[in-house]
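All ligand and atom numbering here is 1-based and tracks the order in the structure.
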Amino acid sequence: MTRPRRRHVALIAALLLAPMVAPGVANANANGPFVPPGQGAPNRSSQLSAAEVSAEMHALAARSKGALRIEEVGRSGQGRPLEVAFIGTGETRVWIQGRIHGNEPYGAEAALSFLKTLVSGGKQTREVLSNISFAIIPIYNPDGFEAYQRQDVINRIDLNRDWGVDRQIFDQINTVRAGRGEAPLPERTFNNYTQYRAVESQAFWYAWADFRPHHMIDLHHQGTYYVGDSTDEMTTFSVGISLDPGMLSQSQWDTVRRMGVLAADAADKSGVVTTTLYPYINIPEGVVSSAMLNGPGPRGEYANWRSNAMFFESRGGIGHKSSGYIIKQNVDGLWAIVNAMSDGTLANVDADRYGEIPARGATITTCIKFPNQCDF
Ligand SMILES: [Zn+2]
């Protein structure tokens, strides 16, 4: 008799306690809990479809008087066009990609918004376009986008684990691990790397090898997290680097940290965003990682090129109301970086300030339960 009643009391106590534990969070989650794929996707009505994103790209190109060119570099596993938007005439080449993880909202919208600002003109924009050439990919994974799942649809693999790792890179990983006091990865790990199983990976590697970008920025989403370990403040934006510094040249490490500092400063300036640092990872088989390491292509060939790359992670689990600032923080971050590349001030940024960006704290929502929505 008393048991159900005690459970009931405990539940009420938990409900009363919840807002006290994290007062800043209750409001932020007004749009409901982080809903996993397959249980309905509450935010999709505010998101464009893959076909709509493509149509907008082509409409922009038509308006651009030839400045913007859309190229189909291949087809997805289910036959959707894999499109890259090329704009700008400058010598510095910048690659921006969104939505490699199909269930991470707004990467496509952020890339598209940024593209719109490039097309819409103005003195500053013309200056940037005379110094920089862009390759912009709003949707890397159109099938996953439509299915609202992280992976591609045909192979059901994470496309951000499908670029090339050769023996030299594998040996580098184990050197880094030894330096960190970690056991070496076994030989079977090398044999298990999935290299270019997906047609998307193949198509975009050749596009990358052809364009050979100096800089790359990869747009992602994560769950909802605290700022650091001792605040009740929510972070909506993290910046990250997908490799151990020991995998990179000093020049690469400095450049990618400078990019992170600029994006964090720009996002924080709005006053509603506190940028945090994405936790340590070392994933050479990721797209931008392999691009930094001159990873081999689908047929074992080499582009003989090393990009400088980092990634943005925006808060997920959001409705239409929040999408505006999520998109804005991405666009602000991108502009801060490209302005500094364009006017030559990137090299003057203090790279060590990267280490002063607050760490990302514990998860606020249910990422542990639905890890496919939360990690890089
Ligand atoms: Zn992601």
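Applying the salt bridge (charged side-chain N to carboxylate O under 4.0 Å, His left out) rule to Arg197 yields no partners; only residues at least two apart in sequence or on another chain are considered. With sequence neighbours left out, the ring-ring contact (aromatic ring centres under 6.0 Å, His included) criterion links Phe211 to Phe86.
The N, O or S atom of His101 with the smallest distance to the Zn ion (ligand 1) is ND1. His220 contributes ND1 as its N, O or S atom closest to the Zn ion (ligand 1).
Atom CD of Glu187 has more than 12 neighbouring heavy atoms from other residues, nucleotides or ligands inside a 6.0 Å radius. Applying the 6.0 Å contact sphere to CZ of Arg167 captures more than 12 heavy atoms from other residues, nucleotides or ligands.
Counting backbone and side-chain atoms alike, Glu104 contributes an N/O/S atom closer than 2.8 Å to the Zn ion (ligand 1).
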